[in-house]
Participant: 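Sharing a structure with you now.
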2 protein chains.
Amino acid sequence: MSETPHILHKKLTMQDVADAAGVSPMTVSNCFRYPDRVREKTRSTVMKIAAELGYVPNLSAGTLAAGSSRVIGAVLPSMRNSSFYNYTAGLRRAAAERGFELITMIAETPEEELSAVQTLLGLRVAGIALVAGPHAPELRQLLVLAGVPVVESWGGDGAIGRGVSYDVGAASRALTRHLIAQGRRRIGFVEVTGGGGQRYAMRLPAFRQEMFAAGLSDSLVLTVRAADGFGSGARILDEFLATDPNLDAILCPTDVVAAGALFECQRRGLSVPGDIAVAGWGDYDIGRQVSPTLTTVRAFSDEIGKGAIEVLVSGEGAKAPLSTPFALEVRESA
Amino acid sequence: MSETPHILHKKLTMQDVADAAGVSPMTVSNCFRYPDRVREKTRSTVMKIAAELGYVPNLSAGTLAAGSSRVIGAVLPSMRNSSFYNYTAGLRRAAAERGFELITMIAETPEEELSAVQTLLGLRVAGIALVAGPHAPELRQLLVLAGVPVVESWGGDGAIGRGVSYDVGAASRALTRHLIAQGRRRIGFVEVTGGGGQRYAMRLPAFRQEMFAAGLSDSLVLTVRAADGFGSGARILDEFLATDPNLDAILCPTDVVAAGALFECQRRGLSVPGDIAVAGWGDYDIGRQVSPTLTTVRAFSDEIGKGAIEVLVSGEGAKAPLSTPFALEVRESA
DNA sequence: CAAATTTTTTGTAGCGCTACAATTCTGCCG
DNA sequence: CGGCAGAATTGTAGCGCTACAAAAAATTTG
């Protein structure tokens with residue numbers, strides 16, 4: 001009685017388009033995959049009819065028959081900050097330029113990441129872009145066995161597949177040297193261990209190295225498990241000042257945290273950079289907007305994305321990590 | 001000479017796993033798709049062998065054979081703010097609960113969106129989640145012809161597929177009434193036209209309605225093409241004060257813009273909310289962190305995502321838009 | 001204008017998996 | 001211990017497309 005009279009979507013196949021256009025299915029296939037193989041006139045007829053019918057080639061069938069696809073998969077740990085935004089934009093742009101489509105999957109835990117990779121593998125994507133961080137133990141072998149091109153962005157030497165990253169250590173040294181050159185002596189460093197810890201791992205040794213070289217104490221290190229949002233910036237400042245009231249600079253893990261610390265300084269009536277220099281990391285939007293503007297490290301995340309695609313597409317997976325540029329952005333806060 | 005001795009990745013198929021486990025391919029298939037149909041003992045053997053071999057079922061083949069997949073596709077206009085972050089998180093969580101995987105594609109223009117939808121259609125996804133905004137003209141018909149379940153998040157009556165959204169008009173009225181109740185009289189409203197304009201469309205009429213009802217002037221409307229980042233907040237404040245130096249409140253399109261306006265107020269020595277009330281929209285992280293904290297509208301974007309998945313999975317595409325909750329978050333700035 | 005060449009178009013034969021029906025195996029009752 | 005219902009397993013027959021080789025058509029050449 002109450003049956004909804006659904007439209008009969010007899011599924012369109014290449015054959016339907018071929019019939020309507022008076023050509024063979026292979027010609028339709030060629031129109032989509034190798035336009036150059038088909039005469040201009042034939043192609044335009046076929047494409048017009050395909051569009052009229054609303055035909056979209058079945059990629060599943062195509063991938064199955066061809067054994068490969070023109071889709072690249074990326075797994076992201078989260079989409080919260082502009083680094084990842086720029087990274088994804090770089091991936092997408094570079095993929096598009098080379099005729100690939102990019103699909104992304106979000107995974108917040110190693111288990112979710114593993115599951116996402118399995119889906120991507122199941123889709124038989126042409127390549128997989130991972131982000132450095134804690135991985136499930138089975139992940140590496142799974143990817144090796146699958147034999148798919150893989151890159152690990154922000155990954156260093158032990159990367160799964162090939163690493164694509166900027167030199168975090170060099171950036172950290174440059175930033176530390178800058179603070180020292182500005183006359184800072186009691187510099188606090190915030191070390192992050194949880195979550196994306198791996199991506200930050202080289203910062204602390206580099207910091208220590210420069211502090212040591214300058215004959216300064218590298219003991220003002222605060223270890224936090226995770227640092228997200230402005231709130232943690234405030235908490236970090238709290239703890240640092242409790243440890244050493246004469247602190248004259250802090251190195252924060254991200255611009256967001258730095259902004260949080262900055263707001264807290266303002267709340268306490270501390271002048272930045274007069275009393276305390278505050279340095280961020282990552283060149284997020286916010287760092288350009290707060291007052292004073294934040295001195296930070298710019299990672300050109302879009303270049304990382306672009307590099308990742310190039311590595312995946314070129315198939316040069318076995319080489320040393322690809323290094324992308326970075327820049328020290330000296331602004332007002334330090 | 002310099003040939004890299006590549007490992008011979010003879011592609012693993014279900015047959016290989018079946019042989020190794022001493023069962024038929026169909027049993028392997030059932031283990032993955034319908035675990036209940038297989039005896040516990042058989043299943044554990046098969047799954048163990050599959051894991052050892054690093055076998056991952058070919059979803060392309062599966063989708064082709066079954067005619068449908070357990071993957072849902074979402075197209076996002078950008079990933080810049082926490083609304084979309086929460087939205088995606090809601091999508092992902094709800095999809096996982098129902099045994100679906102979520103893949104996302106980013107599209108910044110209507111053309112890119114169309115292309116993304118074609119890829120998703122080609123993958124024969126089980127459903128597509130769109131975000132309201134300007135669409136390519138062909139998009140609607142393409143989706144109708146494809147007969148795929150579609151939802152348009154933040155979409156209203158004219159949505160492609162089924163709309164899932166909170167009542168933007170009601171939220172705007174509530175916020176306006178709140179400002180009026182606080183004694184504000186010269187209230188400026190920022191109207192956004194470009195990009196995601198559609199998602200904001202109902203705000204201005206609702207604002208006017210309440211201003212009119214209160215016998216106030218609704219003429220302080222500033223129209224901007226796009227409002228992104230803190231910078232536009234500063235510019236907007238500039239322009240409003242040039243138009244009416246006695247302005248006592250502004251309604252910003254997002255918390256980010258509101259924060260920018262707030263910073264600009266502080267730079268000019270204007271007290272918030274003393275001299276000017278500033279209201280944001282969207283309940284982004286930043287609104288909780290700046291001082292004063294921002295009064296805003298909370299959209300529960302994760303609920304929109306959850307609702308979208310429910311609509312897609314249940315197949316109830318023809319009904320009226322699904323309405324999700326919202327809340328007026330009264331904080332310090334207004 | 002026939003022969004040689006190049007460009008277009010077209011069959012054939014699967015790709016790896018799943019729906020479905022048919023078959024074989026269990027355990028259990030009379 | 002035969003007979004049976006129900007559970008577990010297994011063939012069969014494609015899903016829609018593309019690689020490849022072969023055929024046909026268009027173009028050039030002698």
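Remember, it's a predicted structure, so these values are computed and weren't measured experimentally. Throughout, a chain's letter reflects where its sequence line sits, starting with A, and its residues are numbered from 1. The basis for the numbers below is simple: all heavy atoms, side chains too, and nothing from hydrogens, waters or symmetry mates.
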Participant: With a 4.0 Å cut-off on heavy atoms, is Gly62(B) in touch with a base, just the backbone sugar-phosphate, or nothing at all?
Facilitator: sugar-phosphate
Participant: Can you confirm whether Arg43(B) is buried at CZ, in the sense that more than 12 heavy atoms of other residues, nucleotides or ligands lie under 6.0 Å from that atom?
Facilitator: yes
Participant: Testing the basics here: between Val75(B) and Val131(B), what is the closest heavy-atom pair and its distance to 0.1 Å?
Facilitator: O-CG2, 3.7 Å
Participant: At a heavy-atom distance below 4.0 Å, which nucleotide of DNA chain D is the first touched by chain B, and which is the last?
Facilitator: dA8(D) to dG16(D)
Participant: Do Glu101(B) and Ser115(A) pass the side chain to side chain donor-acceptor pair (under 3.5 Å) test, and can you show the C-alpha distance, the side-chain angles, and the key distance before you say yes or no?
Facilitator: CA-CA 9 Å; Glu101(B) 291 284 340; Ser115(A) 154; 3.2 Å; yes
Participant: Please tell me whether Tyr87(A) and Trp154(A) form a close aromatic pair, meaning their ring centres lie under 6.0 Å apart.
Facilitator: yes
Participant: Heavy-atom contacts under 4.0 Å between residues 25-34 of chain A and DNA chain D, which residues?
Facilitator: Met26(A), Ser29(A), Arg33(A), Tyr34(A)
Participant: Taking it one step at a time, do Glu97(A) and Lys306(A) satisfy salt bridge (charged side-chain N to carboxylate O under 4.0 Å, His left out)?
Facilitator: CA-CA 10 Å; Glu97(A) 270 169 22; Lys306(A) 192 177 152 206; over 6 Å; no
Participant: For the ring pair Tyr85(B) and Phe84(A), is the centre-to-centre distance below 6.0 Å?
Facilitator: no
Participant: Starting at CG of Asp36(A) and ending at C1' of dT6(C), how long is that distance when rounded to a whole Å?
Facilitator: 16 Å
Participant: Does Glu113(B) form a side chain to side chain contact (heavy atoms under 4.5 Å, CB included) with Glu108(B)? I'd like the steps, not just the answer.
Facilitator: CA-CA 7 Å; Glu113(B) 186 189 40; Glu108(B) 277 169 354; over 6 Å; no
Participant: Just checking Tyr55(B) against Phe32(B), ring centres under 6.0 Å apart?
Facilitator: yes
Participant: With nearest nucleotide decided by heavy atoms, which residue, Val38(B) or Tyr55(A), maps closer to the 5′ end of DNA chain D?
Facilitator: Val38(B)
Participant: Taking for each residue the nucleotide of DNA chain D with the nearest heavy atom, is it Met14(A) or Thr42(B) whose nucleotide lies nearer the 5' end?
Facilitator: Thr42(B)
